[in-house]
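Remarks on the structure that follows.
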Amino acid sequence: MHLGVCYYPEHWPEDRWPEDARLMRETGLTRVRIGEFAWSRIEPEPGVFDWGWLDRALDVLHGAGLGVIMGTPTATPPKWLSDRMPDMFALTRDGRPRGFGSRRHYCFSHQGYREEAARITRAVAERYGEHPGVAAWQTDNEYGCHDTVQSFSASARDAFRVWLERRYKSVQALNEAWGNVFWSMEYRSFGEIELPNLTVTEANPAHWLAFRRFSSGQVVSFNRAQVEILREHSPGRDITHNAMGFYTGYDHHDLAADLDVLGWDSYPLGFLEMFRFSEGEKRRYARQGHPDIAAFHHDLYRGCARGGRWSVLEQQPGPVNWARYNPAPLPGMVKLWTLEAFAHGAELVSYFRWRQFPKAQEQMHAGLLRPDGEPAPALSEAREASAELARLGDAGKAPKHAALIFSYDSEWMTQIQPQGEGRSALWAAFSCYSALRRLGLNVDIVAPGVSLDGYMLVIVPCLPIVTDALMDELAASDAQIVIGPRTGTRDDDFAIPDSLNHSALQELIGGKIVRSESLSDRLVMEGDGWETSGWLDHYEGSAKPEFVARSGEITGYHHGRVRLCCAWPQGRFLEALIQHAAVDAGFGSEPLPEGIRRRTRGTAVFEFDYNAGEVRLV
Amino acid sequence: MHLGVCYYPEHWPEDRWPEDARLMRETGLTRVRIGEFAWSRIEPEPGVFDWGWLDRALDVLHGAGLGVIMGTPTATPPKWLSDRMPDMFALTRDGRPRGFGSRRHYCFSHQGYREEAARITRAVAERYGEHPGVAAWQTDNEYGCHDTVQSFSASARDAFRVWLERRYKSVQALNEAWGNVFWSMEYRSFGEIELPNLTVTEANPAHWLAFRRFSSGQVVSFNRAQVEILREHSPGRDITHNAMGFYTGYDHHDLAADLDVLGWDSYPLGFLEMFRFSEGEKRRYARQGHPDIAAFHHDLYRGCARGGRWSVLEQQPGPVNWARYNPAPLPGMVKLWTLEAFAHGAELVSYFRWRQFPKAQEQMHAGLLRPDGEPAPALSEAREASAELARLGDAGKAPKHAALIFSYDSEWMTQIQPQGEGRSALWAAFSCYSALRRLGLNVDIVAPGVSLDGYMLVIVPCLPIVTDALMDELAASDAQIVIGPRTGTRDDDFAIPDSLNHSALQELIGGKIVRSESLSDRLVMEGDGWETSGWLDHYEGSAKPEFVARSGEITGYHHGRVRLCCAWPQGRFLEALIQHAAVDAGFGSEPLPEGIRRRTRGTAVFEFDYNAGEVRLV
Amino acid sequence: MHLGVCYYPEHWPEDRWPEDARLMRETGLTRVRIGEFAWSRIEPEPGVFDWGWLDRALDVLHGAGLGVIMGTPTATPPKWLSDRMPDMFALTRDGRPRGFGSRRHYCFSHQGYREEAARITRAVAERYGEHPGVAAWQTDNEYGCHDTVQSFSASARDAFRVWLERRYKSVQALNEAWGNVFWSMEYRSFGEIELPNLTVTEANPAHWLAFRRFSSGQVVSFNRAQVEILREHSPGRDITHNAMGFYTGYDHHDLAADLDVLGWDSYPLGFLEMFRFSEGEKRRYARQGHPDIAAFHHDLYRGCARGGRWSVLEQQPGPVNWARYNPAPLPGMVKLWTLEAFAHGAELVSYFRWRQFPKAQEQMHAGLLRPDGEPAPALSEAREASAELARLGDAGKAPKHAALIFSYDSEWMTQIQPQGEGRSALWAAFSCYSALRRLGLNVDIVAPGVSLDGYMLVIVPCLPIVTDALMDELAASDAQIVIGPRTGTRDDDFAIPDSLNHSALQELIGGKIVRSESLSDRLVMEGDGWETSGWLDHYEGSAKPEFVARSGEITGYHHGRVRLCCAWPQGRFLEALIQHAAVDAGFGSEPLPEGIRRRTRGTAVFEFDYNAGEVRLV
Ligand SMILES: [Zn+2]
Ligand SMILES: [Zn+2]
Ligand SMILES: [Zn+2]
């Protein structure tokens, strides 16, 4: 595995560059990621390019033996460009332009900006495509960051209409699929269809789902245009992009299909603070991040990536600037996170960033160096990680234990129609993942339809739309299976099927879910050593009740090698249910101690102690 | 009492209609409500009408012996209509259009839409006005749903100016009434007056009150236009409209004056979850709704309705889709709600809806049938209710016990100027209602000025504007009277009267309220077995202190047959005060057990057990 | 010290004026503030003036022996004026106009409105500049109230560009100072720079800081224009303006530089309810206000005022209308507040307002008289205060104990970049102030660079930008010094200095802050009898650890006469640290009892008992 770092030569005097490069190498870094936000320096005036500084930076880095990951600068179009095309901005759901002054100020559907993005990509690719220092390319930066996938612009509306026509062929088919007879929402032509914002009350969920799919597709095609240019001008180099944490704005399976390697940006402390962890978890792991945050994304993005090639393109090295609170990691964590990425199969861990820039939006975001150029605490941990990796060599393939099925549209659907406040397919997946991890299991998070060969345990946390391919895989598998709430209860356009559930699912579970309730946390269902709340699917069929609350609700059924989870997958109820399935699958049922996690790779069993910030081989 | 159901034949294949109609009759239903959202099917292209399907649906339903309540489809104008008049949308308080894509996308003040609404109403009325299957008409659907009464459009502004000129005659009179000399807000002409939104800080409360009255009046006149057309083309049929729960956007007394029967839509579980009940109540009654929700609205809308004729046009049959959490009712509740409506004098209870539509915004809203056409749990409860009603026959008139005075402008005024966060006239009324109900009393909720003959107890929870007619009734009554905070402290334009309180009120209470404080819940005033907070009216006069807090505040006075409630009417303080008055009125003071309510009608005393979901005759 | 009252003769019949004036004098009042909102009465039609009523009002008041403080009416331009210049409104951050209908509906950058404001000021000044009854002038009213300093209008944008060009000379200098190379935010000309709103994610903090400075400067220059007119037409009269509580929208040092006397509006109960006091404080002091609210502002504005001349232009006399809850003050508080202002050196306490107006936005705001003209409770307290003041005479100068350094840009910077949610320089200052006050010390709150001669204790709570002048003063002082977090860590354009901290600061503290963490309240650092959280500055240097948490963090250092406060200044940690410094400075370390405060002026030691609402001389 490579170690690398994100570097902005344009932030620092040229005479410092050689020293920086030397120190990177001395630290054990072999990759350096540059260029992603440098448009205003590359093309300071429209059509006037200044390549000199970047030529020299590349030469210094290459000369020092570093492989460069070159970014396309399309996340930060310069002011002169947006002044020429003021309608290139995305519009908020409320209809306000999201203008210049930070980054990602563009609408993915704006044709003019698409042309500009292609033009600058081609310029950079032509200049450096064959440069021996360029090891790989990164497109843009963090698609969707700051909630930028959805745009409610006229460009988006026009493109959405074209997309709908392509999908549904006739407007009658669309009206039928969406049930537009309801509330007289029927359209007479595709040209009558608006974006789903600015309605009086919620728009049709089918309308929203189509818009989410369309918006995701716009990201994918925007990216593909860059990939094609890069492949043409820089053949043989890997192309990557950096995804984010707990982010589902576009379908990462679709994006990754065009990439060689899928990267992601790992900020465990910021994610702990900003996402829905409990107060107790936020206190206990304030300086470590919850022990499943990094691993969940490693396993998720490995499953998204074509060929399973993935990396960490940004690794938190110290306090960040963007969370509500920004503590420093516990000593040891930077090294722990690095080795955990290795245990999960990363090709690269690249720290963000080399040196803290003393100005602008991220001036409080730590680097490996302080703003004054002195070492920050993370530098020595990076050096130690490098040494450790050298000792470990290549650790081999990870054995298959459990597969967890996740699709992006499942999360879109629970966002569109949570039905019970806070119910989310992504968080159902995270809870199931965490319960599996606490049993010491390796987990692969895979798309519906991926081969399930070799898994002894398969969990489907919450998948409203199931595909025939997935059902075929589940039928063919001899794994223990857990089916979570809502699964198979919708067709591809968000409608409840005529037979209520997907027919193959009915076969699998020996019956069907006939109705559902969403329950507040006030309505707790308790059994022996477990409790849950939040949801109740009512089942009719031949499966046997396995979890029956004292108040009578049946929250879990057992049917051969299939378990049905009728309540929301969470807490001690979920743990108990997954332990039942794990035991039947031949695994142990004893959870690891609090804060301890394991990952088996080849013959090595890594133990990550989040309490102490330590890694052990056991 | 009739039982009925809301039905959307346009959602289902024609060949299913006869089976649906048969099953309705078998269940004991005699009324069916249709057509309210069918504009796009009735007039699929501008001016092109398709009556065939609706003719046939009517014939099927009528043929099966069901009386049809036909709706006007004006809550859901089709896309082609709004494309022709893009300024027909209401604007939000922030100035954004509330566009197509759900329902109620129109501004009540838009002249063009008013003409379109009249045109489609006339078309439907001409077609079916004399049809023997049409038993009644419903105008539009849930005026004000999704907060649609107030619109901040140019149409609304222009109409508001006309309304103001009609009310005040001269702009000098308006300036004087509103006190516009304050902050130099004086106008030189009606044409200078804007809507009260988009001001730097709060607008003049008198400005808001006028706008609330105007907006209410626009609903009333919009509705009246339809009523006039229906009366012309369908003489002899009842005309109704379906009001909502805890909703005060327009004056229901005014609307009901044009209707024969006032309906309302009863969703006790959703209302419990979405409105300001305590955590304890939300837990205890999650599957029943608070025991006073349905009854409060029955008694409120009976008091609004011309001639006291009212019905439940939509009755919750299972989980809804629109609350934060959507649990299923406890077994027995659908029957209980039905019989409670009967006990309060309803003419009809109509379940919403026949069959759960598997698509669009309400796909998670239960019906009497599941989406697959099989019976949902409520079907058998409807059948049992029907049998029970047959046994009961006509139960006679309800004896008069207590009257509770409520006006819509009182709630508008506390919304405009809560003064202490969360203080609301509607919720003061609900609290007083609940305290009376826990004593087993029948309660009539009536408008100020209605005859108070025959009542032994009269409560005025919070009525900033008192009318001479009300004061005359109170003076003439020999009931025990309770006067709540703020009562009589404002003139008709929101000004404090020169003498501080309405003069007849001063006579009644033997003095006056000279100043008021609003108190947070942190400042608790406690006495023997009671406590309260939230408000303190300071009284000067000859009434005797009856409730004195340990900290010295006087929260209640007694003056002959009048009691003055100086703190906010809530909690154990309110219970104690109402018990004092009830005893003096000759009633018992022992509250019913938790979750038990009674209603006397004729010789029958119904007992509703919300704990068990059971109804008993005692 | 004068006592006065705010009076609106235009609200009342002319024949009541003499009685009001007589009663004011009888109460002991000698000043009356009028005219501030009367534009629509002074100029009812464009260019048509009606001076008669105001001439007569002035004569009545003057005739009764009252000195008049005349206001310019520019906070409330009439409707006809805004109709002529619809673009005079400020725009919200979201881009919505803040229109007519309340007050302060103007953009400080609108040239047309500036001319109108000058025109009406000149008219009033010409009319009354030499009137013998006019004792002083007040410009406008509460600049910034309702968040009106920042406007995102085209006028503001244009003026901002001019301001930037004046400050930075070249756009290259601006790009360099702001670090615009980051995210390609570089500008090619000043004309390319937008306002910092409507960006995709946060704008550059340097951009915001510049905009805050610009916006503040617009207020100052708007005010200066009026001051110049008043000085020309009414020479020799004091000019004042009324500042607000806990408000930092403009730099009050800069504004006060143009005034003779700085006034402020003291509403302790409303401020307690609306600002960030704890639940316990809000309960305990609901009827008194936190005991440091009034004093903090007295000492802050005395430090802002040129020559230290200040007054209370509005004093709360009873419940207000604008807080979440509006209780009445404890009996005695109006007198206590009055005498406390005297103890802190006020020239005037003016009650707001004479008589409660029964209409419009402030109809629930108490006065010295009720709406019916009868005395409200505060009237007798004002009379008692007047008698007490007569007994006290002139109490002499206050001895210097502690100085507390505060700058408005420090608060802007923590608002722009709180980094840890809720961290605010203003509240750091308030906490330090309160800790000093509980030790019975006199505190002066002064701007950086003011002479520190004579102080034995100097606190710098949180001052990201330190000036050379301040550092010189600190170096020259022999006081005990406390340096709080973030101090000296930014240059004048929000950048971290190359050497991390201001170099003179490094000398003072014998080292430097090398990195910082923000911590949630979940991460508590505890020592012997103290605990804190919220922030941790990491220090490297020769100072000695003084406060070391059990978990190892060093939250305080000691270096000669300097203490370094590395955690957030709050709670028992702050108390302990300030006690250490106070003891070293020769003061006692025993805090006053809860609710008791002291102020020494001349030979008198005033003791204010907030528990009982009493003032004692000790
Ligand atoms: Zn996918
Ligand atoms: Zn009414
Ligand atoms: Zn200053």
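Quick note: numbers below take in every heavy atom, side chains included, and nothing from hydrogens, waters or symmetry partners.
A salt bridge links E517(B) with R287(C): the closest approach of a Lys/Arg side-chain nitrogen to an acidic carboxylate oxygen falls below 4.0 angstrom. R522(B) has a carboxylate O that lies under 4.0 Å from a charged side-chain N of E273(C), or vice versa, which qualifies the two as a salt bridge.
E374(C) does not touch chain B: none of its heavy atoms, backbone or side chain, sits under 4.5 Å away. With a 4.5 Å cut-off on non-hydrogen atoms, L500(B) touches chain C through its side chain but not through its backbone. Contacts between L198(B) and chain C at a heavy-atom distance below 4.5 Å involve backbone atoms as well as side-chain atoms. Heavy atoms closer than 4.5 Å to chain B are found in the side chain of R370(C), but not in its backbone. Proximity to chain B is absent for every atom of Y8(C), based on heavy atoms less than 4.5 angstrom apart. Using a 4.5 Å cut-off between heavy atoms, R96(C) contacts chain B through its side chain alone, with no backbone atom that close. Contacts of A328(C) with chain B are made by both backbone and side-chain atoms, with heavy-atom separations under 4.5 Å. For D83(C), the part lying near chain B is the side chain, with the backbone staying farther off; criterion is any non-hydrogen pair under 4.5 Å. Only the side chain of P319(C) comes within contact range of chain B, with heavy atoms under 4.5 Å apart. For chain C, the nearby parts of A203(B) are the backbone and the side chain; heavy atoms of each come within less than 4.5 Å. Heavy atoms of A323(C) lying under 4.5 Å from chain B belong exclusively to its backbone.
In this structure, W183(B) and F37(C) have perpendicular ring planes: the angle between them is above 60°, well past the 30° mark.
Contact annotation: the side chain of R104(C) never approaches that of T201(B) to less than 4.5 Å [non-hydrogen atoms, C-beta and beyond].
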